[in-house]
Amino acid sequence: MKRKVIIVLLIVVVVLLGGGFYVSTFHLDEIRVEGCVMSSESVIASVVKEEAPLNNILLLYLKNKVRPIRDIPFVAKLDIEFVDKNTLSVIVYEKSVAGCLEYMDNYVYFDRDGIVLEASTERKEGVPSINGLNINSWEMGKELPIADRDRFSQILTITQLIEKYGLDIDMVSFTREGDIILRQKKILVELGNGDNLTIQMMNLGSILKGLAGKKGTLYMKDFNSDQSSASFKEK
């Protein structure tokens, strides 16, 4: 009887050692990252690698199923899949960045609901900078503390329309009278007080396409229907 127990224990030890050895062969050697626009592929790869227990792909995969990797700037979700025993594929799903405000020496980035996503000294391409709003503080993951709620609501509408119609807008600003001005490269777009934003933004892309390479001001204050026309003053 004692001999049988010893044999069983030896079998268990061999199985455990064999299993441990097999698991150790899942060594993380390569991370392939896809889907980055605002975020950095090298940063994503570095974060994923740091999360890997014993630099092991299998342990990382199991850990991520229980506790997904979070709190990476501009990233909503990561999908992690095996390519082979030593290679991972990481697909990045980014948060929708609507715009940014300058605060001290940083750019504070926010989403379409005005929630702060990240602050960075780096100015990201393709994100409109918002001028004419002042903030005294901000908190990650919280709504921007803007005193002028009507203006802030208007800005969110503008940034949502920019995203919806795929417009390449560098800057959104306001005159003293409250009129809206957009900038795309060397073209300023005067939209007026915002009463006709939806129809203006719906048509803006095709108008700007016809002005490619030019410098000047596009006047759309009276653009309030599909039959309206805009005037352009070239510099």
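Residue numbers start at 1 and run along the sequence shown.
- The two residues S96 and L117 have their closest heavy-atom pair at O-CD1, 4.0 Å.
- With rounding to the nearest 0.5 angstrom, the CG atom of L156 is 8.5 Å from the CG atom of D111.
- For the atom pair OG1 (T217) and CG (L188), the distance works out to 5.0 Å, reported to the nearest 0.5 Å.
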| Under the salt bridge (Lys or Arg N to Asp or Glu O under 4.0 Å) criterion, do K215 and E234 qualify, and how do the steps go? | CA-CA 6 Å; K215 178 180 179 181; E234 191 167 5; over 6 Å; no
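- Using a 4.5 Å cut-off on side-chain heavy atoms (C-beta onward), S228 and D222 make no contact.
- Side-chain contact between L62 and L60: absent, with no pair of heavy atoms (C-beta onward) separated by less than 4.5 Å.
- I44 and V97 fall into different hydrophobic clusters, where Ile, Leu, Val, Met, Phe, Trp and Tyr residues are linked whenever their side-chain heavy atoms come under 4.5 Å apart, directly or through other members.
- If you check the side chains of N86 and D84, you find no donor sitting under 3.5 Å from an acceptor.
- Hydrophobic clustering, with ILVMFWY side chains joined whenever heavy atoms are under 4.5 angstrom apart, groups L88 together with V47.
- Between V172 and D170, every side-chain heavy-atom pair lies at or beyond the 4.5 Å cut-off.
- Although no hydrogens or angles enter the test, the distance criterion places a donor-acceptor pair under 3.5 Å between the side chain of N56 and the main chain of L58.
- Not a single donor-acceptor pair under 3.5 Å links the side chain of E190 to the backbone N or O of K221.
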| task | In sequence, state the C-alpha distance, the side-chain angles, and the governing distance for Y107 and T121, and then conclude on side-chain contact (heavy atoms from CB on, under 4.5 Å). | result | CA-CA 6 Å; Y107 293 98; T121 56; 6.0 Å; no
| field | side-chain contact (heavy atoms from CB on, under 4.5 Å) assessment of S173 paired with R183 | value | CA-CA 8 Å; S173 60; R183 185 184 72 196; over 6 Å; no
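- You'll find the side chain of M38 stays beyond 4.5 Å of the side chain of P73, heavy atoms only.
- Taking every heavy atom of both residues into account, S137 and P145 meet most closely at O-CG, 3.1 Å.
- Within a 6.0 Å sphere centred on NZ of K49, heavy atoms belonging to other residues, nucleotides or ligands number more than 12.
- V127 and I72 end up in different hydrophobic clusters when Ile, Leu, Val, Met, Phe, Trp and Tyr side chains are linked at under 4.5 Å.
- Residue-environment remark: CD (E125) stays at or below the threshold of 12 foreign heavy atoms within 6.0 Å.
- Using a 4.5 Å cut-off on side-chain heavy atoms (C-beta onward), F152 and L144 make contact.
- One hydrophobic cluster, built from ILVMFWY side chains closer than 4.5 Å, cannot hold both Y93 and V43; they sit in different ones.
- Using a 4.5 Å heavy-atom cutoff, the side chains of T87 and R32 are in contact.
- Judged by distance alone, the side chains of N55 and H27 do bring a donor and an acceptor atom under 3.5 Å apart.
- At distances below 3.5 Å, not a single donor-acceptor pair connects side-chain atoms of S153 with backbone N or O atoms of R149.
- A ring-centre distance under 6.0 Å is found for Y61 and F82.
- Among all heavy-atom pairs drawn from P53 and K63, the shortest one is CG-CD, 4.0 Å.
- Screening Q200, M202, M201 for a side-chain contact (heavy atoms from CB on, under 4.5 Å) with L161, the sole residue that qualifies is M201.
- Taking CD1 from I169 and CG from L204, the interatomic distance works out to 5.5 Å, rounded to the nearest 0.5 Å.
- Of the residues listed (I187, I207, V189), the one engaging F232 in a side-chain contact (heavy atoms from CB on, under 4.5 Å) is I187, and it is the only one.
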| request: Let me see the working for Y103 and N136 under side-chain contact (heavy atoms from CB on, under 4.5 Å), right down to the final yes or no. | output: CA-CA 8 Å; Y103 177 76; N136 296 317; 5.6 Å; no
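- In this structure a side-chain-to-backbone donor-acceptor pair under 3.5 Å is missing from Y109 to G99.
- Between atom OG of residue S129 and atom NZ of residue K124 there is a gap of 15.0 Å, rounded to the nearest 0.5 Å.
- I31 and I69 fall within a single hydrophobic cluster, where Ile, Leu, Val, Met, Phe, Trp and Tyr side chains are chained together by heavy-atom contacts under 4.5 Å.
- Under the 3.5 Å distance criterion, the side-chain polar atoms of N106 are left unmatched by any main-chain donor or acceptor of E102.
- The shortest heavy-atom contact between A119 and M140 is N-CE, 4.3 Å.
- Cation-pi geometry between K95 and F74 is not satisfied (NZ or CZ under 6.0 Å from the ring centre, within 45° of the ring normal).
- In terms of heavy atoms, E34 sits closest to S89 at OE2-OG, 4.1 Å.
- When side chains are defined from C-beta on, F223 does not count as touching N196, because their heavy atoms never get closer than 4.5 Å.
- Once rounded to the nearest 0.5 Å, the distance linking CD of Q160 with CD1 of I158 reads 10.5 Å.
- One distance of note links CG of L191 with OH of Y219; it measures 13.0 Å at 0.5 Å rounding.
- Residues S39 and V92 form a side-chain contact, since some pair of their non-hydrogen atoms from C-beta on lies under 4.5 Å apart.
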| message | Please determine whether side-chain contact (heavy atoms from CB on, under 4.5 Å) holds for the pair Q184 and L182, giving the CA-CA distance in whole Å, both sets of side-chain angles, and the decisive distance to 0.1 Å. | response | CA-CA 7 Å; Q184 185 200 61; L182 309 182; over 6 Å; no
